[in-house]
**Q** 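Attaching a single structure in C-alpha cells format; questions to follow.
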Amino acid sequence: DLPFELDSWRQMAEYSPEMRQFACILHLYHIEAYDYLRKIFPLPHPCSLTKQNHVSESHPPFFSSWLSNSEAAAGFSNDIFLRLQEKVERGEQAYCCCAVMVQDMSLQKQQEWDPQTRRLTGFVDLGAGILDADEAPLASEAIILMAVGVSSPWTAPLGYFFVNSTTGRLLAQLFHQTISKLNNIGITVLAVTSGASAHGAETARALGIRMDPERIRCTFRHPPGSAHSITYFFDVCHALQLIRNALQCFQKVEWLSDTMWWQHVVELAALREQRVLEPHSPGSGRSGSKESYHLKVNLATLLFSEGVADALEHLQKLGLASFQNCSGTVKFVRLMSSLCDVFCGRGPYRKGLKVPLLPGNYSKISNLFNEAKSFFVTLTDSVGRYIIKSKRKLGFLSLLLNAESLKWLYSNYRCPEGTPSHHLQTYAFSLDPLELFLRALQQACGTSGSPTCTVFQAAYHKLLASCSLSPGSPHGSGPGNVSSLDVSLSRSRDLTLGSIRAQYNPARERALATEYPFCAGLLLHSSALSDALMDLSLHTRSVTCAAGFVAEQLARDLQCEACVASLFDSDESRLRGRSVLYIKKSGGVSLPSASVHHIASISERVLKWYGKVGDGSKNTTLGHWSLEQEVFQELLGERPLFPTLTNHLFDGELSINNHYTGLVKEITRCYLNIRTNPAQHLNLKYPCGRHRLKRLKGRYLFPSPLGSCQSSCTHVGS
C-alpha cells in the first residue's frame, strides 16, 4: 500500500495511514534504519511521533501524535497524558517527577471480527492502526507502560502496544518515546524499570547501560547526547529469583573464609514438626518444671529474610546436626535480607532499612551497598570460578546496578519544594505497581488464561474509565482489589520456605494440604436437647479445637509470615523472629492465639443467637453475609486483637483494608463455614482414641466426656 516512487512521497498533502504505520513500526523496531531512510524519504522527525499538535512547514501536517489514541485503543493514552498535564499545570509537585516501568502480558493469537468497526482484530498494533492483512502477523503479547510517583504513591497506566514478539531494542525505543511524551507535558523521568530477564538485559544494553561490576554505568542520556541522565533498575523480585536459581545450581558458594550451603535452607524448609520440652519462664511461677511445645517452621517466611537467618542460628544452638556450621549461610542470608529491605521501602512509617531513602540513613545504606559489592565480586563456586562471571550472574549484577542507580539518584536528585514527602520511595523502582494493575486487568478480562486482543482492550477500557491518578487509589473496584503489600507477597511466593519444601518434597506437601489434626468434640447446637446435655467445659474445649482447626487451615494459605504467626498460641520469647514457632497443642490440635479464640467465641455466640446451625437460610450467601456482619458488630468496641500485628500494619498502605481487618474477616468466614457446613469438613469414620463420637439418629453429635481430644480427621475441602 506504500508508494514506491520518491516523487509520490514528496507530493503527498498528508501522510496516509499506511505511511504512518510504516514510519512508526520502522522507528520503534530499528531507529538506525529509520534515520537512514529519512535521508531519502521525507519521514517526520522522531520527536514528531509523540509531540502534540505539531505542524511543520518543511513536512506535511499530521495527527497530534501518531503513537497515541483515545478510547483505550492501542498506543499511548491521550486521556491519561491530558490528566497528568492538568495536574502539572495546577502546580501539584508530586507529579513533576516519576519512574517509568514496562511489562509484557501474553495474548491468545486469534482473529476476531469487530461488528462496530467492521474490521478484523487481533493483529499487531503499535498505536498507528492495526496491520490488517492476510499476511500480517497476529499479536501474541501486549506491552504495558506505567508511570509511578517517586515521592508520592500515584500510578498512571500510560498505554499498551500489541506486538508479535518483544525485543530489547523495541522496549528501549518505547522507553524513549514515553520519556519524550512525559517531558512534553512537564514531567521529569528519573528512572526506568524492567524485569531481570533476557529482554530486560537486552533493553539495558540498547539504552547504553553497562553491567560490568568494575565499570558499571547505571544511567543513559535522553535525548541521546543531551545532559539529562536517567537511571535504570531491574525488578528486585526477578533478581532474587535468579539468585535463588544460582544457589540451587551451585549448591554452595564461597567467599574469603566463609561458605553458604543451599542445603541448610532445604533442611530448614523440610524440618518436620518436633515436640520439645522447654523450662517455664521465670515469671510463670512454675520455675523448675518444663512445658511441652511443638516447634514448627513458618512456611510463609521469605528465603532472603532476617527470620531465616535467626531460625538457622536458633536451630544451630539447639544442637540439630543438619544446621551445624551454618554461620556462612546466616551471613549470606542476612546480607540479602538487608538489601531486600532497602529496595522495598514503601512509606515513612516503616522501620530500619525499610524506610525510604533519606539523608539520615544514606550513610548506612551506602556502606551496605559497598559491602554487597565486595561480597558479590568475590563469590566463587565449588571449583573456584567467579559467580559474577558465570552464566548465573544476572541476579547479582541486577542488585549491583540497582544499588548504583539508587546512590546516583540520592546524589543528583532533590525533591522539588512543595512535594508532600521529601524522600525517594524505592518501591517505585520495582514492578510491583505495574503488577498490581496487571492483576486487576486480568480480573477484568474474566479469564485465567491469556485473553484475546478484543477481550484485553475491553478490560483495559473498563479499568481506564475508573482509573484515578490520586496517590494510593486502587485500579478498578470490587472485592478483587489487593494492596501493594499483597502483590509483593504474592510475587515472592516462589521465594518462601513453603515453595522450597514443595519443590523438594511435593508428595508430602500435597498430603499436608488435605490432612489436619482436629478435635472430634465439635458441638453442633441444633436442638434444645443438645443444649441441655451440653457440658460447659466441653463446649469451651470444642470452640478452642474448632478455632485451632481454623488457624491451621488459614496458615496453609496465608502468604504473610507475621499473619501466620499471629494465628497460634506460641511462645514469642524463644525466638526473635516468626520463622520458627513454638506452638502449644492440646490433643493433637494447635492451640489458637487469644485473638483467634475470641473471634471464634463471638462467632459461636452469634450462631447460637440466630437459630440452628443447619438452617437452610444460613447456608446461602446472603445468610453467611448476615452472620459475618453480626460477628463484626459484636467485635466492635471489644479489646484490640492481634497485638503482634501493630507494627505490621505499617508495612502496607495506611488503609482500613489491611492485613488486620483481612485476618478478622477470614477467621470469621472460615469458622462460620465449618460450623454451618460440618459435613464438608468432618470425616466421621476415623478412630478417636479414648475420645469417641457417639452417632445418634439425625445430624447431632455429642462427644464422650471421657478423655481428651486425641484424634485427627481428613479435610474433604470447602
Side-chain angles (χ1 to χ4, degrees), residues 80 98-107 141-150 153-161 166 171 174-175 178 191-197 199-200 203 232-242 244 302 304 340 343-347 395 398 402 425-451 456 459-460 462-464 466-469 471-496 499 559-560 651-653 655 657 659:
I80 292 294
C98 75
V100 173
M101 53 195 62
V102 67
Q103 180 75 299
D104 59 83
M105 180 176 176
S106 63
L107 298 173
E141 295 171 281
I143 298 175
I144 301 98
L145 289 149
M146 173 174 278
V148 180
V150 296
W154 60 267
T155 58
L158 301 177
Y160 67 90
F161 302 84
T166 302
L171 295 180
L174 286 175
F175 270 138
T178 305
V192 298
T193 303
S194 74
S197 60
H199 287 153
T203 304
Y232 197 98
F233 286 86
F234 285 110
D235 180 60
V236 175
C237 184
H238 289 170
L240 295 178
Q241 289 172 346
L242 293 177
R244 177 211 56 195
L302 292 174
F304 300 117
C340 293
F343 291 123
C344 296
R346 275 189 184 79
S398 296
N402 288 5
Q425 296 190 109
T426 53
Y427 163 76
F429 307 127
S430 74
L431 289 180
D432 285 1
L434 181 50
E435 188 67 31
L436 181 61
F437 176 78
L438 291 181
R439 296 196 178 201
L441 187 62
Q442 187 76 53
Q443 182 186 3
C445 287
T447 174
S448 58
S450 300
F456 178 95
Y460 194 92
K462 179 180 178 182
L463 285 188
L464 211 60
S466 61
C467 177
S468 170
L469 302 183
S473 60
H475 301 289
S477 58
N481 285 330
V482 293
S483 68
S484 62
L485 175 61
D486 293 323
V487 166
S488 180
L489 291 173
S490 178
R491 296 186 68 214
S492 302
R493 192 162 195 167
D494 291 340
L495 296 169
T496 61
S499 70
Q559 301 172 25
C560 176
D651 288 341
E653 295 91 347
S655 168
N657 292 319
H659 282 196

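This is a predicted model, so every value here is computed, not measured. Scope of the values below: all heavy atoms of this structure, side chains included, with no hydrogens, waters or symmetry mates.
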**Q** Answer whether the closest heavy-atom distance between the side chains of Leu463 and Pro157 falls below 4.5 Å.
**A**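 SC-SC contact between Leu463 and Pro157 ruled out.
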**Q** Any side-chain heavy-atom pair from Phe429 and Val236 closer than 4.5 angstrom?
**A**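 Result no, sub-4.5 Å side-chain heavy-atom pair not found.
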**Q** How far apart are the C-alpha atoms of Asp494 and Arg244, what are their side-chain angles, what is the distance that settles it, and do they pass the side-chain contact (heavy atoms from CB on, under 4.5 Å) test?
**A** CA-CA 10 Å; Asp494 291 340; Arg244 177 211 56 195; 3.5 Å; yes
**Q** What heavy-atom pair brings Asn402 and Phe233 nearest, and what distance separates the two atoms?
**A**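 For Asn402 versus Phe233, the nearest heavy atoms are OD1-CA, 3.4 Å.
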**Q** Heavy-atom distance under 4.5 Å between the side chains of Pro433 and Tyr427, does that happen here?
**A**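 In short, these two side chains touch, coming nearer than 4.5 Å.
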**Q** For the pair Phe175 and Thr203, evaluate side-chain contact (heavy atoms from CB on, under 4.5 Å) and give the outcome as yes or no after the intermediate values.
**A** CA-CA 9 Å; Phe175 270 138; Thr203 304; 4.0 Å; yes
**Q** Given side chains that start at C-beta, do those of Cys237 and Leu431 come closer than 4.5 Å, heavy atoms only?
**A**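 Cys237 vs Leu431: side chains apart.
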**Q** If you round to the nearest 0.5 Å, how far is CG of Leu438 from CE of Met105?
**A**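 Output value for this atom pair is 6.5 Å.
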**Q** Which residues satisfy the side-chain contact (heavy atoms from CB on, under 4.5 Å) test with Ala142, sequence neighbours excluded?
**A**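 Only Leu107, Ile144, Phe162, Phe456 meet the side-chain contact (heavy atoms from CB on, under 4.5 Å) criterion with Ala142.
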**Q** Sub-3.5 Å donor-acceptor pair from the side chain of Gln103 to the main-chain atoms of Leu434, do we have one?
**A**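 No: the side chain of Gln103 does not pair with the backbone of Leu434.
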**Q** Check the pair Trp154, Cys98 against side-chain contact (heavy atoms from CB on, under 4.5 Å), reporting the backbone distance first and the verdict last.
**A** CA-CA 9 Å; Trp154 60 267; Cys98 75; 3.8 Å; yes
**Q** Just jot down the side-chain contact (heavy atoms from CB on, under 4.5 Å) partners of Thr447, sequence neighbours excluded, or say none.
**A**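 With sequence neighbours excluded, Thr447 shows a side-chain contact (heavy atoms from CB on, under 4.5 Å) to Gln442, Cys445, Pro451, given in chain and number order.
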**Q** Report yes if the side chains of Asp432 and Arg491 come closer than 4.5 Å at any heavy-atom pair, otherwise no.
**A**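 In short, these two side chains touch, coming nearer than 4.5 Å.
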**Q** Could you check if a side-chain atom of Pro153 sits within less than 4.5 angstrom of a side-chain atom of Gln425, using non-hydrogen atoms only?
**A**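 Yes - at least one pair of side-chain heavy atoms lies under 4.5 Å apart.
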**Q** When you compare the side chain of Val102 with that of His199, does any pair of heavy atoms fall below 4.5 Å?
**A**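 Contact flag for His199/Val102 side chains = no.
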**Q** Side chains of Asp486 and His659, heavy atoms from C-beta outward: is any pair under 4.5 Å?
**A**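 Answer yes - side chains close enough.
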**Q** Of all heavy-atom pairs between Cys560 and Leu489, which one has the smallest distance, and what is that distance?
**A**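 Minimum heavy-atom contact is CB-CD1, 3.8 Å.
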**Q** Excluding sequence neighbours, so at least two apart, what forms side-chain hydrogen bond (donor to acceptor under 3.5 Å, both in side chains) with Ser490?
**A**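 In terms of side-chain hydrogen bond (donor to acceptor under 3.5 Å, both in side chains), with neighbours along the sequence ignored, Ser490 is linked to Arg439.
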**Q** Go through it in stages, so that I can follow the logic: the residues are Ser194 and Leu171, the test is side-chain contact (heavy atoms from CB on, under 4.5 Å), and I'd like the CA-CA distance, side-chain angles, deciding distance and then a yes or no.
**A** CA-CA 9 Å; Ser194 74; Leu171 295 180; 5.8 Å; no
**Q** CG/Leu240 to SG/Cys340 distance, rounded to the nearest 0.5 angstrom?
**A**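 Output value for this atom pair is 4.0 Å.
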**Q** Of the non-hydrogen atoms in Ala99 and Ala428, which two are nearest, and what is the gap between them?
**A**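 That closest heavy-atom pairing would be CB-O, 3.9 Å.
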